Every structure is written in C-alpha cells, then in structure tokens.
**Student:** 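If you scroll down you'll find the structure; I have some questions about it.
As the structure is a prediction and not an experimental result, all values here were calculated from the model.
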Amino acid sequence: EVQLQASGGGLVQAGGSLKLSCVVSGLTFDEYAIGWFRQAPGKEREGVSCISSRDGSAYYSDSVKGRFTVSSDNAKKTVDLQMTSLKVEDTAVYYCATDEIPKYWTGETYCRYSTMGTFWGKGTQVTVSS
C-alpha cells in the first residue's frame with residue numbers, strides 16, 4: 001500500500017519561508033507523478049506543483065510560480081517544496097500525492113486533474129500571518 005507522509009508545515013509571517021517534505025513508501029510504479037496540492041477553507045483543491053518521473057520536469061501553478069520550488073528524489077521517493085516569499089493567501093492544508101500516470105500525462109496534467117486512484121497524504125497545515 002502506498003503511503004505518504006508530509007511534514008514541515010507551520011506558522012510563518014508573510015514574506016517568510018517554509019520547506020515541506022513528503023516521504024513516500026510502498027511505491028512500486030515505474031512511471032508516476034508526484035506533487036503537492038493545497039486546499040484553503042472555502043476554496044477548491046489546487047495543484048501547486050507536480051513532477052512526472054518520466055522526464056522530471058516540474059509544473060507550478062501561476063499563483064506560486066517564481067516563489068516555490070519543487071524537488072524530488074526518485075531513489076528515496078521523496079518530494080520537497082521550498083516555499084519562499086509566502087503570502088497570506090498561501091495559507092492552506094498542503095497535501096502530497098502520487099499515482100501511476102498514463103504515458104501521455106505530464107506533471108502539469110496530474111496537478112490539474114490528479115487521478116481517480118491518487119494516493120493522498122494526510123496533509124500539513126501552512127499558516128501565513130500578516
């Protein structure tokens with residue numbers, strides 16, 4: 001069974017930085033996507049940043065582009081999200097997720113739609129104060 005454990009959330013002032021980490025266990029997929037999603041109160045889930053193991057390219061949502069950096073280690077099956085210049089609107093529960101993806105899927109596709117069988121971590125709370 002695939003399990004994901006996210007960590008690194010916390011309280012930070014606007015303009016500050018946080019680094020989120022996610023460790024994946026039980027992953028046996030040869031080709032998969034892995035990334036970070038977030039959900040703020042009253043808002044829909046948003047794909048923040050995702051990577052496809054196929055080419056390693058990263059996708060960022062427009063709201064975080066230039067401020068967040070995602071990195072992954074395929075050997076260790078980890079994915080980190082370095083968040084800088086945090087804004088109040090970044091406040092949300094952040095979830096890491098992964099799943100096998102079709103050959104034609106990219107990290108962007110996964111971030112936008114995920115998959116029916118996506119494995120979700122429990123999430124970690126990020127709160128940005130003004």
Side-chain angles (χ1 to χ4, degrees):
E1 179 180 343
V2 177
Q3 294 184 340
L4 305 96
Q5 181 62 56
S7 62
L11 175 64
V12 63
Q13 293 187 4
S17 301
L18 281 175
K19 184 179 181 180
L20 306 183
S21 297
C22 179
V23 179
V24 184
S25 62
L27 181 63
T28 60
F29 308 128
D30 186 42
E31 295 183 323
Y32 60 92
I34 190 167
W36 290 92
F37 298 76
R38 69 184 182 186
Q39 187 159 24
K43 296 183 179 180
E44 295 182 348
R45 184 185 66 204
E46 176 188 17
V48 176
S49 183
C50 299
I51 297 176
S52 169
S53 67
R54 190 168 296 117
D55 57 17
S57 62
Y59 163 82
Y60 299 93
S61 66
D62 290 339
S63 61
V64 308
K65 191 174 299 182
R67 300 187 297 116
F68 292 8
T69 301
V70 68
S71 61
S72 65
D73 186 325
N74 290 335
K76 297 181 179 180
K77 298 297 187 294
T78 61
V79 58
D80 297 338
L81 186 67
Q82 179 65 58
M83 306 183 294
T84 62
S85 301
L86 284 163
K87 303 176 180 179
V88 172
E89 51 262 43
D90 293 319
T91 296
V93 177
Y94 285 71
Y95 302 87
C96 57
T98 189
D99 199 6
E100 185 178 24
I101 56 172
K103 293 181 179 180
Y104 52 85
W105 274 44
T106 63
E108 178 179 357
T109 309
Y110 185 69
C111 248
R112 291 186 180 275
Y113 303 106
S114 66
T115 61
M116 291 294 293
T118 289
F119 296 91
W120 298 95
K122 187 175 181 179
T124 184
Q125 176 72 49
V126 173
T127 302
V128 183
S129 63
S130 61

**Student:** Kindly give the heavy-atom pair with the smallest separation between Thr91 and Val128, and that separation in Å.
**Tutor:** OG1-N, 2.9 Å
**Student:** Would you check if Leu4 and Phe119 make a side-chain contact, meaning some heavy-atom pair closer than 4.5 Å?
**Tutor:** yes
**Student:** Show me the side-chain donor-acceptor pairs of residues 29-36 shorter than 3.5 Å, one per line, residues at least two apart or across chains.
**Tutor:**
unit_1: Glu31; atom_1: OE1; unit_2: Arg54; atom_2: NH2; d: 3.3
unit_1: Glu31; atom_1: OE2; unit_2: Arg54; atom_2: NE; d: 3.4
unit_1: Tyr32; atom_1: OH; unit_2: Asn74; atom_2: OD1; d: 3.0

**Student:** Is any side-chain heavy atom of Val12 less than 4.5 Å from a side-chain heavy atom of Met83?
**Tutor:**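 In short, these two side chains do not touch, never coming nearer than 4.5 Å.
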**Student:** Whether the Ser63 and Arg38 side chains hold a donor-acceptor pair (N or O, under 3.5 Å, no angle test) is what I'd like checked.
**Tutor:** yes
**Student:** A quick test of your reading: do over 12 heavy atoms of other residues, nucleotides or ligands sit less than 6.0 Å from CD of Glu89?
**Tutor:**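 Yes, CD of Glu89 has more than 12 neighbouring heavy atoms, counting only those of other groups under 6.0 Å.
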**Student:** Flag the pair Phe68 / Ser49 as yes when at least one side-chain heavy-atom distance between them is below 4.5 Å, and no otherwise.
**Tutor:**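 They are not in contact (no side-chain heavy atoms under 4.5 Å apart), so the answer is no.
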**Student:** Tell me the closest heavy-atom pair linking Gly9 and Thr124, and the distance in Å.
**Tutor:** N-OG1, 3.1 Å
**Student:** Once rounded to the nearest 0.5 Å, what's the spacing between atom CG of Leu11 and atom OG of Ser129?
**Tutor:** 5.0 Å
**Student:** Which value, rounded to the nearest 0.5 Å, describes the distance between Trp120 atom CH2 and Thr98 atom OG1?
**Tutor:**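 Interatomic distance, Trp120 CH2 to Thr98 OG1, rounded to 0.5 Å: 10.5 Å.
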**Student:** To the nearest 0.5 angstrom, please state how far the CZ atom of Arg112 sits from the OG atom of Ser61.
**Tutor:**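 So the gap between those two atoms works out to 9.0 Å.
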**Student:** In Å and rounded to the nearest 0.5 Å, what is the CG to CG distance from Leu20 to Asp80?
**Tutor:**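 Those atoms lie 8.5 Å apart.
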**Student:** How close do Ile101 and Tyr110 get, heavy atom to heavy atom, and via which atoms?
**Tutor:**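 The answer is CG2-CD1, 4.1 Å.
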**Student:** Please report the closest heavy-atom contact between Gly107 and Tyr59, naming both atoms and the distance.
**Tutor:**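 That would be C-CB, 4.1 Å.
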**Student:** Going by the side-chain contact (heavy atoms from CB on, under 4.5 Å) test, name the single residue among Ser17, Ser71, Ser21 that passes it with Gln82.
**Tutor:**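 In the set Ser17, Ser71, Ser21, the residue that makes a side-chain contact (heavy atoms from CB on, under 4.5 Å) with Gln82 is Ser17.
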**Student:** So, for Val2 and Gly26, which heavy atoms are closest and what is the spacing to 0.1 Å?
**Tutor:** CG2-O, 3.5 Å
**Student:** Could you check whether any side-chain N or O of Tyr95 sits under 3.5 Å from a backbone N or O of Ala6, counting only pairs where one atom can act as donor and the other as acceptor?
**Tutor:**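 Here the side-chain-to-backbone pair does not exist.
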**Student:** Sub-3.5 Å donor-acceptor pair from the side chain of Tyr60 to the main-chain atoms of Val70, do we have one?
**Tutor:**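 Yes, Tyr60 side chain to Val70 backbone: donor-acceptor pair under 3.5 Å.
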**Student:** I'd like to know if Lys87 and Asp90 make a salt bridge, using a cut-off of under 4.0 Å between side-chain N and carboxylate O.
**Tutor:**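 Not counted as a salt bridge, because no side-chain N and carboxylate O are separated by less than 4.0 Å.
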**Student:** Which atoms form the tightest heavy-atom contact between Trp105 and Thr115, and what is the distance?
**Tutor:**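 Result for this residue pair: CZ3-CG2, 3.5 Å.
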**Student:** Between atom CD of Gln5 and atom SG of Cys96, what is the distance when rounded to the nearest 0.5 Å?
**Tutor:**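 Answer rounded to 0.5 Å: 7.5 Å.
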**Student:** Kindly work out whether a path of hydrophobic side-chain contacts (I/L/V/M/F/W/Y, heavy atoms less than 4.5 Å apart) joins Phe37 to Val24.
**Tutor:**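 Per the 4.5 Å side-chain linkage, Phe37 and Val24 are not co-clustered.
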**Student:** Is a donor on one side and an acceptor on the other found under 3.5 Å between the side chain of Thr78 and the backbone of Cys22?
**Tutor:** no
